[in-house]
Amino acid sequence: MACEKPVHLIVAVSRNGMGIGKNGNLPWRLRKDMKYFAEMTSKTKLDSKQNAVIMGRKTWDSIPEKFRPLPNRVNVILSKSLAEKPAGAHHLCTSLEDALNVVSKSSTGDNVESIWIIGGGAVYKEAVNKSLCNRIYLTRVLADFDCDTFFPEFDTKLYQLIVDPEVNGEVQEEKGIEFKYEIYERS
Ligand SMILES: NC(=O)c1ccc[n+]([C@@H]2O[C@H](COP(=O)([O-])OP(=O)(O)OC[C@H]3O[C@@H](n4cnc5c(N)ncnc54)[C@H](OP(=O)(O)O)[C@@H]3O)[C@@H](O)[C@H]2O)c1
């Protein structure tokens with residue numbers, strides 16, 4: 001499933017077991033990390049282009065209605081159960097392969113610069129197992145949280161920790177919770 005455009009994945013994980021969600025929501029509320037997510041998934045080199053975000057139906061449902069679709073990005077929802085695309089979404093696809101095709105080819109693809117896989121657990125698992133992404137942007141939340149959804153183990157020989165001068169790799173803190181941004185790149 002090779003894709004002609006850069007495909008990245010972005011996720012925030014807890015210290016214990018790489019938890020990512022609880023009861024359909026994020027286990028924490030870190031405004032700085034949400035801002036980082038918005039910036040990373042939105043920024044493009046060319047003003048004329050947008051990025052695409054691909055997410056599972058449950059992650060779409062978890063975004064408050066007033067914030068959907070995620071602005072300035074092509075929002076692609078994965079579902080096998082929905083008969084039509086949810087209000088506000090740009091595309092509904094029945095497989096990750098379909099979604100990557102839609103945003104890399106066709107008229108939509110012409111306007112898309114990078115593709116971001118933004119969760120949740122089911123979609124991350126498929127993307128990691130198939131080594132689909134060039135980079136994994138991983139926020140390590142340096143605290144334990146009760147979670148029911150998890151990020152899969154990934155091959156750290158294939159995905160190696162890199163330093164990107166555009167991203168602050170130091171430990172940061174918000175509301176007493178420490179976290180840091182890491183980037184893993186496929187070798
Ligand atoms: N920490 C983070 O960075 C982060 C990021 C995103 C989400 N989350 C959290 O993760 C949790 C949601 O994750 P989740 O695993 O429960 O759900 P999810 O991955 O968001 O959505 C799962 C649903 O997406 C559809 N789907 C997934 N893969 C598909 C495929 N290959 N083809 C077609 N449809 C596909 C199916 O929808 P249908 O059932 O409709 O067929 C499936 O039930 C929430 O708690 C959320 O807050 C955390």
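Starting from 1, each residue takes its place in the sequence as its number. Every number for a ligand or one of its atoms is a count from 1 in the order of the listing.
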Engineer: Could you measure the distance from the CG atom of N72 to the CG atom of N75? Nearest 0.5 Å is fine.
Structural biologist: 10.0 Å
Engineer: Check each atom of ligand 1 against the heavy atoms of G21 and keep those under 4.0 Å away; list them by number with element.
Structural biologist: 45 (O)
Engineer: Please say whether A12 places an N or O atom under 3.5 Å from an N or O atom belonging to ligand 1.
Structural biologist: yes
Engineer: Is F37 reachable from V7 through a run of hydrophobic residues whose side-chain heavy atoms are each under 4.5 Å from the next?
Structural biologist: no
Engineer: Just to be sure I read this right, does ligand 1 sit under 4.0 Å from the backbone of Y124, its side chain, both, or neither, counting only heavy atoms?
Structural biologist: side chain
Engineer: Between W116 and Y137, does the ring centre distance come in under 6.0 Å?
Structural biologist: yes
Engineer: Between CG of N101 and SG of C93, what distance do you get to the nearest 0.5 Å?
Structural biologist: 9.0 Å
Engineer: Who's closest to atom 46 (C) of ligand 1 heavy-atom-wise, of G19, G24, S95?
Structural biologist: G24
Engineer: Polar contacts were defined as any N/O atom of the residue lying under 3.5 Å from an N/O atom of the ligand; does this apply to S62 and ligand 1?
Structural biologist: no
Engineer: Which value, rounded to the nearest 0.5 Å, describes the distance between Y124 atom OH and C133 atom SG?
Structural biologist: 10.0 Å
Engineer: Among M55, K58, K125, K80, whose heavy atom sits nearest atom 21 (O) of ligand 1?
Structural biologist: K58
Engineer: Report the member of I10, L78, T94, I20 with the shortest heavy-atom distance to atom 32 (N) of ligand 1.
Structural biologist: T94
Engineer: So that I can tick it off, tell me whether E182 and R140 are bridged by a salt bridge, with the cut-off set at under 4.0 angstrom between side-chain N and carboxylate O.
Structural biologist: yes
Engineer: I want to know if ligand 1 touches G119 in the polar sense, i.e. an N/O pair below 3.5 angstrom.
Structural biologist: no
Engineer: When you compare ligand 1 with G121, is there at least one nitrogen or oxygen pair between them that comes in under 3.5 angstrom?
Structural biologist: yes
Engineer: If you count the atoms of ligand 1 from 1 in the order shown, which ones are under 4.0 Å from a heavy atom of L26?
Structural biologist: 1 (N), 2 (C), 4 (C), 47 (O), 48 (C)
Engineer: Quiz question for you: does at least one protein heavy atom lie closer than 4.0 Å to atom 4 (C) of ligand 1?
Structural biologist: yes
Engineer: If you count the atoms of ligand 1 from 1 in the order shown, which ones are under 4.0 Å from a heavy atom of T149?
Structural biologist: 13 (O), 15 (O)
Engineer: Can you figure out which of R57, E97, E126, K22 has its heavy atom closest to atom 31 (N) of ligand 1?
Structural biologist: E126
Engineer: Would one find an N or O of L82, backbone or side chain, under 3.5 Å from an N or O of ligand 1?
Structural biologist: no
Engineer: Are any of the N/O atoms in W28 less than 3.5 Å from those in ligand 1?
Structural biologist: no
Engineer: Ion pair present between K49 and D110, side-chain N to carboxylate O less than 4.0 angstrom?
Structural biologist: no
Engineer: Give the atom numbers and elements of ligand 1 that come within less than 4.0 Å of a heavy atom of V123.
Structural biologist: 19 (O), 27 (C), 28 (N)
Engineer: Return the set of residues passing side chain to side chain donor-acceptor pair (under 3.5 Å) with N16 (not counting sequence neighbours), or none when no residue passes.
Structural biologist: S14
Engineer: Taking all non-hydrogen atoms of both residues into account, name the closest pair between S107 and N111 and its distance.
Structural biologist: O-ND2, 3.6 Å
Engineer: Can you name the nearest heavy-atom pair linking V103 to V76, along with the distance?
Structural biologist: CG1-CG2, 3.6 Å
Engineer: For atom 19 (O) of ligand 1, what's the nearest protein heavy atom and its distance?
Structural biologist: G120 N, 3.1 Å
Engineer: Would you check whether N23 has a nitrogen or oxygen atom less than 3.5 angstrom from a nitrogen or oxygen atom of ligand 1?
Structural biologist: no
Engineer: Report whether I177 and V11 are members of the same hydrophobic cluster (ILVMFWY, side-chain heavy atoms less than 4.5 Å apart, transitive linking).
Structural biologist: no
Engineer: So for ligand 1, is T59 a polar contact partner (N or O within less than 3.5 Å, distance only)?
Structural biologist: yes
Engineer: Please state which part of I118 comes within less than 4.0 Å of ligand 1, counting heavy atoms only: side chain, backbone, both or neither.
Structural biologist: backbone
Engineer: If you compare all heavy atoms of R31 against all heavy atoms of E174, which two are closest, and at what distance to 0.1 Å?
Structural biologist: N-OE2, 2.8 Å
Engineer: Go through the structure and list residues passing side-chain contact (heavy atoms from CB on, under 4.5 Å) with Q160, not counting sequence neighbours.
Structural biologist: none
Engineer: Select the closest option to atom 45 (O) of ligand 1 among L9, N25, L92, judged by heavy-atom distance.
Structural biologist: N25
